[in-house]
Structures are given as C-alpha cells and as structure tokens.
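Worksheet for the structure shown next.
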Amino acid sequence: MDAINTQVTFNQLISELSSRLINSEPAETYECIEEVIEAFGSYAGADRCYVFEFDDAVINMTNTHEWVRDGFEAHIEDLQSVGINDLPWFFDEIKTHQIFIVNDIELLPPEASAEKQEFKREHIKSVICVGIVAKHQLLGFVGCDKVQEQHRWTPEEVRCLKLVANIIANTMERQRTYSELIHTQRELEKANRLLQAQVSQDGLTGIANRRAFDERIHNEIQRSMREQSPLSLLIIDIDHFKSFNDSYGHLQGDQALKSVANAMFDLFQRNTDFVARYGGEEFVAVISATNKEKTEASIHHLLESIRALQIPHENSEIAPYLTVSIGGYLHTPKTDESIGSLIDTMIAKADSALYRAKSDGRNRGYLDD
Ligand SMILES: Nc1nc2c(ncn2[C@@H]2O[C@H](COP(=O)(O)OP(=O)(O)OP(=O)(O)O)[C@@H](O)[C@H]2O)c(=O)[nH]1
C-alpha cells in the first residue's frame with residue numbers, strides 16, 4: 001500500500017511539475033528541473049540525483065542540476081566540464097542504449113575500471129542513468145545514486161526515470177529553441193540597425209545622405225517652430241569640380257569629395273548641427289538654435305577649412321587649390337507654416353544665395369534671411 005501511495009504521490013508531483021515546465025520562463029525552468037529530480041530522488045529513495053548536459057561537440061559533460069539528500073556530499077562543483085573520454089564505457093552505454101544501470105558497482109566489468117574508480121571516489125554503491133534525447137540527439141542524461149546501500153533498480157523506477165528524462169529533454173529542447181529564437185532576433189535587429197545606417201548614409205563619403213537630410217530638416221523645422229529659435233540651412237557647392245575631374249580623374253575627384261565631407265563633419269560637431277551630401281558635389285548643413293552672426297561665422301570657418309585642405313586644382317579660375325561656394329538661409333518658422341513648403345522655400349532661398357556667390361566669383365558664401 002505504501003509503495004502505491006509513493007507512486008501516486010510521485011505521479012501527481014511529476015504531472016504538476018511538467019505542466020509548470022510547459023509554461024515556465026527560462027529563469028523558472030532551472031528551479032523546476034531541480035524539483036523534478038528531487039521528486040524522483042525522494043520517490044526512489046536515492047541519495048543523489050543529477051542532470052548532466054553534453055556540450056555541442058559532445059566532448060565534455062557538465063553537471064547542471066543536483067539534488068542530494070540531507071547529510072550527503074554534493075559533487076556538482078567538481079563535475080563541471082568533465083571530458084566524456086574520462087568515462088568511455090559509461091558514455092558508450094548511454095549513447096548505445098540510452099540507459100546505464102548498475103545495482104552493484106563491484107560487479108562492473110574490467111573495461112569499466114575508470115567508471116568504477118570515479119564511483120568509488122563519490123562513494124556510490126548503485127547507480128542508474130537515462131539519456132536525455134531530443135530530436136534523435138543525445139543532449140545529456142539524468143541519473144541517481146545510492147550511496148548508503150546497494151539497490152536493485154526496479155522496472156517501475158526505470159520507467160519513472162525515463163519519464164523524467166523525457167520531461168527534461170522536452171524542456172531543454174524548448175529552451176534551445178527559445179535561445180535560438182532570441183539569437184535570431186538579435187541578429188535580425190543588428191542587421192536592421194546596419195541596414196538603417198546604410199540607408200541614411202552616403203556610400204562614398206560616409207556622412208549622411210539626402211534621405212537623412214530630408215528627415216532631419218523636417219525634425220529641425222519642427223523643433224525650431226516649437227522653440228521659436230532661428231534655423232539656418234547652408235548649401236555648399238565645390239567650385240569648378242567638372243574641371244577638377246577632367247584634370248585629375250574621377251578617382252581623385254572622389255577623394256576630394258571625401259576630404260570636403262570630412263572637413264564639414266569636423267566643423268559641425270554640435271548635436272544641433274547636421275551635415276549631409278545633397279548629391280554630386282553639393283553638400284548641405286543644417287544649423288539649429290543659431291543666429292545671423294553664428295551662421296556667418298560658420299560660413300567663414302567652412303570656407304577657410306576647405307581652403308586649408310590645399311587640394312591642388314590647377315585649372316580652377318579662382319585659386320590653385322579646391323574651393324567651395326556657399327549659399328545660406330536663416331529663418332525662424334512661424335508656428336502655422338507648412339513644414340513641406342517651408343523646406344522648399346529654405347532650399348530655394350539658400351540656392352539663390354549660392355547662385356549669387358557663384359556669380360560673384362565663387363570661393364565665398366552669402367547668407368539671406
Ligand atoms: N568624382 C566625382 N565627381 C562627381 C560626383 N558626383 C558629381 N560629380 C561631378 O561633379 C561635376 C559637377 O559639375 P558642374 O555641375 O558642371 O559644376 P562645376 O564644374 O563644379 O561648376 P560650378 O559649380 O559652377 O563651380 C560633374 O563633372 C560631375 O561629374 C562623384 O560622386 N564623384
């Protein structure tokens with residue numbers, strides 16, 4: 001009658017634990033598996049119960065969970081990353097039959113000498129282990145030791161340990177799938193971030209592209225409206241770039257575009273500043289929370305820093321080195337202005353200032369407001 005009661009209690013406990021495991025979060029899963037092996041250990045009157053997991057290459061095994069009866073020695077700490085070759089006979093049995101039963105370790109065959117030595121070290125008299133198999137893959141094993149006395153493992157105990165191994169296998173499989181999903185999700189997020197960065201970046205110069213500019217100017221106008229603070233838009237155009245390309249070749253031309261972009265990027269460092277390649281040999285800068293003096297100073301510094309690059313341009317009609325012309329427009333948007341038409345206006349105004357700078361001899365900048 002006692003045996004039946006023990007069996008009923010065990011079955012109930014395992015059934016309850018397996019439903020908990022089905023819905024458990026990864027953090028709770030660990031505890032649940034500990035409870036499962038404790039339930040089996042108590043049911044089988046064992047002194048120690050444990051789970052080992054193999055690494056992906058099936059070279060090492062690690063004791064991941066352990067339950068020990070009060071007063072018995074725990075071994076989890078000295079059983080981390082144990083080479084499976086240290087226990088070859090045991091591993092072979094588990095791999096081939098998915099079960100390893102020893103009622104009396106003194107009766108182990110001579111070829112199991114390494115196993116016998118290890119069991120003696122742990123004072124084990126009888127042991128049973130069942131492979132944890134998911135999708136035809138041996139992931140590890142769950143086992144149980146009798147330390148105090150020998151034990152003849154009963155068919156019912158074997159059946160129950162197989163059930164436990166099955167529950168753990170399903171849990172491990174679910175966890176692996178979960179980890180793989182998380183991993184895939186992270187990879188996708190990373191790829192998306194990279195793609196997003198690429199979508200907003202100019203391939204040649206590495207600074208923002210026109211698409212990013214369209215987004216940024218929209219946001220900056222909104223901010224400028226909200227804060228009622230002036231906003232400047234500059235259009236920067238390289239002078240006589242066609243003849244630069246004709247003289248030095250397209251590759252040198254590309255190099256010059258990169259140098260100009262870098263110089264602009266270095267100059268406009270504030271969070272409220274933004275530079276982009278607008279297209280071809282034309283760049284834009286958006287300067288927020290500014291005023292006329294500050295914008296004129298920025299134009300001056302920009303002209304200077306491009307001159308300071310001293311990129312030779314022998315066929316330029318203006319200087320023996322590369323220069324730019326700049327057109328700017330400074331504006332404080334009214335709160336009821338349409339952002340779309342304001343963007344068009346700002347570009348048109350800056351463009352017309354640029355046209356005047358070009359007409360007046362290039363290598364200069366004008367700011368309208
Ligand atoms: N190397 C290189 N050249 C480019 C690129 N994009 C545009 N260009 C060249 O930039 C030159 C622009 O020439 P134009 O629009 O005639 O202007 P410009 O010669 O600079 O004359 P102004 O602007 O009036 O001073 C063209 O020769 C384009 O081929 C690029 O990505 N790389």
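Predicted model only: the values in this text are computed from it and were never measured. For ligands, and for the atoms within them, numbers begin at 1 and follow the listed sequence. Along the sequence shown, residues carry numbers from 1.
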Taking only heavy atoms of Leu257 into account, list the atoms of ligand 1 that are under 4.0 Å away from them. 2 (C), 5 (C), 30 (C), 31 (O), 32 (N)
Do any heavy atoms of Gln255 fall under 4.0 Å from ligand 1? no
How close does the nearest protein non-hydrogen atom get to atom 20 (O) of ligand 1, and which residue and atom is it? Phe241 N, 2.7 Å
When Asp202, Asp254, Asp237 are each screened for salt bridge (Lys or Arg N to Asp or Glu O under 4.0 Å) with Arg277, the one that passes is Asp202
Going by the atom numbers of ligand 1, which of them fall below 4.0 Å from some non-hydrogen atom of Ile238? 20 (O), 23 (O), 25 (O)
Under 4.0 Å from a heavy atom of Arg277: which atoms of ligand 1 are those, numbered in the order shown and with their elements? 5 (C), 6 (N), 30 (C), 31 (O)
Quick one: does any side-chain atom of Gln201 pair with a main-chain N or O of Gly206 as donor and acceptor, under 3.5 Å? yes
Please could you name the atoms of ligand 1 that Gly280 approaches to less than 4.0 Å, counting only its heavy atoms? 6 (N), 7 (C)
Do the two ring centres, one from Phe52 and one from Tyr50, sit under 6.0 Å apart? yes
Below 4.0 angstrom from a heavy atom of Gly253, which ligand 1 atoms are there? Numbered from 1 as shown, please. 1 (N)
Of His250, Gln252, Lys242, Lys258, which has the heavy atom at the shortest distance from atom 19 (O) of ligand 1? Lys242
List ligand 1 atoms under 4.0 Å from Glu281, heavy atoms only on the residue side. 10 (O), 11 (C), 12 (C), 17 (O), 20 (O), 23 (O)
Closest approach of Tyr329 to Ala350 (non-hydrogen atoms, all atoms of both residues): CB-N, 3.9 Å
Among protein heavy atoms, which sits nearest to atom 28 (C) of ligand 1, and what does the distance come to when rounded to 0.1 Å? Asn245 ND2, 4.2 Å
Option from Ile287, Leu367, Ile326, Asp273 for which side-chain contact (heavy atoms from CB on, under 4.5 Å) with Ser298 holds: Ile287
Compute whether any side-chain donor of one residue and acceptor of the other, for Arg210 and Tyr278, lie under 3.5 angstrom apart. yes
Which ligand 1 atoms does Asp254 reach within 4.0 Å, using its non-hydrogen atoms? 1 (N), 2 (C), 30 (C), 31 (O), 32 (N)
Verify whether the ring centers belonging to Phe100 and Phe90 lie closer than 6.0 Å. yes
How close does the nearest protein non-hydrogen atom get to atom 22 (P) of ligand 1, and which residue and atom is it? Lys358 NZ, 3.4 Å
The atoms of ligand 1 lying under 4.0 Å from a heavy atom of Arg362, numbered in the order shown, are 22 (P), 24 (O), 25 (O)
Tyr43 and Phe10 aromatic ring geometry - parallel, tilted or perpendicular at 30°/60° bounds: parallel
For Asn363, is there any backbone N or O sitting under 3.5 Å from a side-chain donor or acceptor partner on Asp239? yes
